Amino acid sequence: GNKNINAKLVLLGDVGAGKSSLVLRFVKGQFIEFQESTIGAAFFSQTLAVNDATVKFEIWDTAGQERYHSLAPMYYRGAAAAIIVYDITNQASFERAKKWVQELQAQGNPNMVMALAGNKADLLDAKKVEAEASTLVLLLEAQAYAQEHGLFFMETSAKTAANVNEVFYEIAKRLPRV
Ligand code: GDP
Ligand code: MG
């Protein structure tokens, strides 16, 4: 029969990487060019049907600012899944993403399903050739990093909706069936 799964999911990553925008796209199908910074964290829920199950995601969209770092464990503790988001045009946001992966692997649920989202993929075409080269290098680095650390990697765009549902869908498929 069809299973109902409740899954706590947390989004982590640098401020400005697009966490809130990904959630807004997934939950409401919208995008806001001047998305306001998240204060503390925001909660959303959204249901997704996969082959054998209906997954109700309980989503915690965290702020990302360093001053809220100490709150993060409240959101990732007990989480079944995490999406670690970085901005593909911003090397520093990738470095921050790696720190989150380390922290989750040290302190999080050992069975947590983790996705690395290289967000703002739409900016790749819009940028100049020389800027693109470094972005492509960073993408390769992110792919290799994800593979090495047992995450799956996807390039996303909250703006165009590319791969946004797919990230959640891939997570839903990987969640343990109980
Ligand atoms: P957060 O701090 O990680 O929650 O990031 P936000 O969702 O607030 O997004 C920060 C800024 O990046 C906002 O101005 C968004 O409109 C913009 N943004 C978010 N996702 C994308 C995307 O996929 N493409 C582009 N071009 N801009 C994006
Ligand atoms: Mg936010």
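Computed from a predicted structure; not experimentally measured.
The 12-atom threshold is not exceeded at CD1 of Ile39, counting heavy atoms of other residues, nucleotides or ligands nearer than 6.0 Å. Within a 6.0 Å radius of NZ in Lys98, more than 12 heavy atoms belonging to other residues, nucleotides or ligands are found. Within 6.0 Å of the CD atom in Gln147, the count of heavy atoms belonging to other residues, nucleotides or ligands does not exceed 12.
Cluster annotation: Val10 and Val23 are assigned to distinct hydrophobic clusters (Ile/Leu/Val/Met/Phe/Trp/Tyr, side-chain heavy-atom contacts under 4.5 Å, transitive). Leu139 and Met154 fall into different hydrophobic clusters, defined by Ile, Leu, Val, Met, Phe, Trp and Tyr side-chain heavy atoms under 4.5 Å apart, directly or through other members. Ile84 and Tyr68 fall within a single hydrophobic cluster, where Ile, Leu, Val, Met, Phe, Trp and Tyr are joined by side-chain heavy atoms under 4.5 Å apart, directly or via other members.
Judged by distance alone, with hydrogens and angles left aside, the side-chain atoms of Asn119 form no donor-acceptor pair with the main-chain N or O of Val85 at under 3.5 Å. Remark: the backbone N or O of Phe26 is paired with a side-chain donor or acceptor of Gln46 at under 3.5 angstrom. In terms of modelled atom types and a separation under 3.5 Å, the side chain of Lys19 and the main chain of Asp14 share a donor-acceptor contact. In this structure, the side chain of Arg177 engages the main chain of Leu175 through a donor-acceptor pair within 3.5 Å. Thr54 places no side-chain N or O within donor-acceptor distance of the main-chain N or O of Ala49, the cut-off being under 3.5 Å. Looking at Lys8, its side chain does come within 3.5 Å of a backbone N or O of Arg77 through a donor-acceptor pair. With Gln65 contributing its side chain and Ser37 its backbone, the two residues share no donor-acceptor pair below 3.5 Å.
Atom CH2 of Trp100 and atom CE of Met114 lie 12.5 Å apart (nearest 0.5 Å). Interatomic distance, Ile88 CD1 to Glu155 CD, rounded to the nearest 0.5 Å: 6.0 Å. Note: Thr62 OG1 to Met74 CE = 11.0 Å, rounded to the nearest 0.5 Å. Taking CG of Leu151 as the start and OH of Tyr145 as the end, the distance is 7.0 Å to the nearest 0.5 Å. Here the CG-CG distance, from Leu124 to Leu136, works out to 5.5 Å after rounding to the nearest 0.5 Å. Distance check, rounded to the nearest 0.5 Å: CG of Leu22 to NZ of Lys159 gives 14.0 Å.
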Applying side-chain contact (heavy atoms from CB on, under 4.5 Å), run through Tyr75 and Leu11 and close with a yes or a no. CA-CA 9 Å; Tyr75 301 110; Leu11 284 104; over 6 Å; no
side-chain contact (heavy atoms from CB on, under 4.5 Å) between Lys56 and Ser45: does it pass, once the steps are laid out? CA-CA 7 Å; Lys56 185 181 176 203; Ser45 98; 3.8 Å; yes
Given salt bridge (Lys or Arg N to Asp or Glu O under 4.0 Å), test Glu66 with Lys99 step by step and report yes or no. CA-CA 12 Å; Glu66 205 42 62; Lys99 293 266 188 267; over 6 Å; no
May I have the step-by-step check of side-chain contact (heavy atoms from CB on, under 4.5 Å) for Phe44 and Leu24, ending in yes or no? CA-CA 9 Å; Phe44 301 84; Leu24 183 67; 5.8 Å; no
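Looking at Glu95 and Gln91, their side chains do bring a donor and an acceptor atom within 3.5 Å of each other. Using modelled atom types, one finds a donor on one side chain and an acceptor on the other under 3.5 Å when comparing Ser20 with Asp61.
Using bins of under 30°, 30° to 60° and over 60° for the plane-to-plane angle, the ring pair Trp60/Phe43 lands in the tilted bin. Ring orientation note: the planes of Tyr86 and Phe153 are close to parallel, at an angle under 30° on the 30°/60° scale.
Nearest heavy-atom pair across Ser157 and Val164 is O-CG2, 3.4 Å. Across all non-hydrogen atoms, the minimal contact from Met112 to Ala79 is CE-O, 3.6 Å. Listed here is the closest heavy atom pair of Phe57 and Ile171: CE2-CG2, 3.9 Å.
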